[in-house]
Amino acid sequence: MMSGKRAGEMKKGFILRCELNSEFRSADEYTRQARDWLSGALAVFDKEVQEILEGPALDPRTIQGGVPCGLPGTLWGFCQVTEQGARGLRATTKVISEENLAWFFKAIGKGVFSAAVGISRIGENGSPELRLARITAEREEDLDSWVRLGCEIPEASITDREFQSRLLEFMKNSAGQLNPAFGHIAYNYTVGKTALEEVLGPPWLLPEDTLPESRSFLRGYDWVTVCPQELADRLGGAAELRATGAFHDVAELAEGGVWLLATPNHDEYDEERVTRVWSALSPVIRPGKPKRFSDEVGQPPLPIVYEDAAQGRNTARPD
């Protein structure tokens, strides 16, 4: 029913994206959400941040390029804020240092449009080669009351069980501080689409199209899915979702919504689990029959059931 890739073939070193979507009612609320997310994510990468801070000071000229960022194998990082002014968006980027991180969080408090931190390992040519993290808090330009909180990591990182545990704890705690409209940990697709959004159409939908409807239809489903309260209620709540047997962990979130973890470990999320998750959530998944495309080399797999969720709403749930 889903993409033909077996579980072992689905783990080839792509980028994973943790994402939470939420509305905000004021600039202060957006600032709190952005600060909490960015500081919490940086705590997950505390070892890497400390390695940068305790090593030789990063050359500020490396932001512009043209000079080596450091010795091969060492870490390099940046922090960036984007402000919206009369002439449009303007980004200011600095290398990571104690002083610049203090500037970064102070700038967020002034109501920036978006903020980002990146950490990379330097390759043999002296340039950032392996991105270890890109952490973002971004307002939707055409949807002024929505924020997308993201954290992108190499798939290989999550094979470290200790790191995976820290990441899941951070994601779950972050979701619990919001009343999220959606969230997931999944492969990173085009412009932040979910796997379902990649293959559902025409019309082909972007996150800016699906965000306003994410309390009416689930944007997608994956290894981790954060289901908004409105849709969880339609599914019978956490107790009914737990009773489906499709999830390893089902938890009610303090501010609304339900945390759904399909398997204890990411590498256990195989075709059978994808189908069980889809079956449990099909009553609230955006309807439409996904389109099949030829597998492309270098593109992340699509753990999707190629059936219209509207047709699966009357199917029996998994034992």
Using modelled atom types and a 3.5 Å cut-off, is there a donor and acceptor pairing between side-chain atoms of [X] and backbone atoms of [Y]?
X	Y	answer
Arg234	Ser216	yes
Asp222	Val224	no
Arg35	Phe105	yes
Trp223	Thr263	yes

Same cluster (ILVMFWY, side-chain, under 4.5 Å), [X] and [Y]:
X	Y	value
Leu253	Leu235	yes
Leu16	Phe14	yes
Leu38	Val49	yes
Leu241	Ile185	yes
Ile304	Phe293	yes

Do [X] and [Y] have side-chain heavy atoms sitting under 4.5 Å apart?
X	Y	answer
Val258	Val226	no
Arg286	Leu218	no
Glu155	Ile15	no
Val191	Leu206	yes
Leu302	Tyr189	yes
Lys94	Ile63	no
Pro207	Asn21	no
Glu51	Leu75	yes

Can you tell me if CZ on Arg25 sees more than 12 non-hydrogen neighbours from other groups inside 6.0 Å?
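Counting other residues, nucleotides and ligands, CZ of Arg25 stays at 12 neighbours or fewer.
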A quick test of your reading: do over 12 heavy atoms of other residues, nucleotides or ligands sit less than 6.0 Å from CD of Glu252?
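12 or below, so no.
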For the atom pair [atom1] ([X]) and [atom2] ([Y]), what is the distance rounded to the nearest 0.5 Å?
X	Y	atom1	atom2	value
Trp259	Lys172	CH2	NZ	7.0 Å
Phe182	Leu20	CZ	CG	9.5 Å
Ile96	Leu53	CD1	CG	7.0 Å
Leu149	Ser174	CG	OG	8.0 Å
Gln33	Phe24	CD	CZ	7.5 Å
Phe104	Ser39	CZ	OG	10.0 Å

Checking side chain to side chain contact (heavy atoms under 4.5 Å, CB included) against Thr190, which of Gln299, Glu198, Glu197 comes through?
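Of all the options given, the one that passes is Glu198.
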Quickly, which of Leu167, Ile52, Ile153, Val117 forms a side chain to side chain contact (heavy atoms under 4.5 Å, CB included) with Phe45? Name it, please.
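Among Leu167, Ile52, Ile153, Val117, the one that satisfies the side chain to side chain contact (heavy atoms under 4.5 Å, CB included) with Phe45 is Ile153.
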So that I can tick it off, tell me whether Arg161 and Asp267 are bridged by a salt bridge, with the cut-off set at under 4.0 angstrom between side-chain N and carboxylate O.
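Looking at Arg161 together with Asp267, the answer is yes, because their closest N to O distance falls below 4.0 Å.
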Salt-bridge contact Arg32-Asp36 (side-chain N to carboxylate O under 4.0 Å)
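The answer is yes: the pair qualifies as a salt bridge.
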If I compare all heavy atoms of [X] with all of [Y], which pair ends up nearest, and what's the gap?
X	Y	value
Pro154	Arg131	CG-O, 3.0 Å
Gly288	Pro290	O-CD, 3.3 Å
Gly176	Glu255	O-CG, 3.4 Å
Ala34	Ala137	CB-CB, 3.7 Å

Please state whether the rings of Tyr187 and His266 are parallel, tilted or perpendicular, taking 30° and 60° as the class boundaries.
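Perpendicular, since the angle between the ring planes exceeds 60°.
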Please say whether the positively charged group of Arg242, taken as NZ for Lys or CZ for Arg, lies over the ring of Phe247, i.e. under 6.0 angstrom from the six-membered ring centre and within 45 degrees of the axis.
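The answer is no; the distance or angle limit is not met.
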Residues Thr82, Arg90; criterion side chain to side chain contact (heavy atoms under 4.5 Å, CB included); working and verdict
CA-CA 5 Å; Thr82 302; Arg90 179 176 63 87; 6.0 Å; no
Asn179 side chain to Gln229 side chain, donor-acceptor N/O pair below 3.5 angstrom
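On atom types as modelled, these side chains do not qualify, holding no pair under 3.5 Å.
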Looking just at side-chain N and O atoms, do Ser114 and Glu138 make a donor-acceptor pair shorter than 3.5 Å?
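No pair is found: no donor N or O on one side chain lies under 3.5 Å from an acceptor on the other.
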Could you give me the CA-CA distance, side-chain angles and deciding distance for Tyr306 and Arg292, then say whether side chain to side chain contact (heavy atoms under 4.5 Å, CB included) is met?
CA-CA 8 Å; Tyr306 285 88; Arg292 288 185 179 273; 3.5 Å; yes
Could you tell me whether Trp37 and Phe170 have their ring centroids closer than 6.0 angstrom?
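Trp37 vs Phe170: aromatic centres under 6.0 Å.
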What's the verdict on side chain to side chain contact (heavy atoms under 4.5 Å, CB included) for Arg134 and Phe78, showing C-alpha distance, side-chain angles and the deciding distance?
CA-CA 10 Å; Arg134 180 176 174 82; Phe78 71 88; 3.2 Å; yes
For Arg219, the option from His184, Glu213, Glu19 that meets side chain to side chain donor-acceptor pair (under 3.5 Å)
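The single option meeting the side chain to side chain donor-acceptor pair (under 3.5 Å) with Arg219 is Glu19.
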Check against side chain to side chain contact (heavy atoms under 4.5 Å, CB included), Glu23 and Trp146
CA-CA 4 Å; Glu23 306 96 326; Trp146 284 89; 3.4 Å; yes
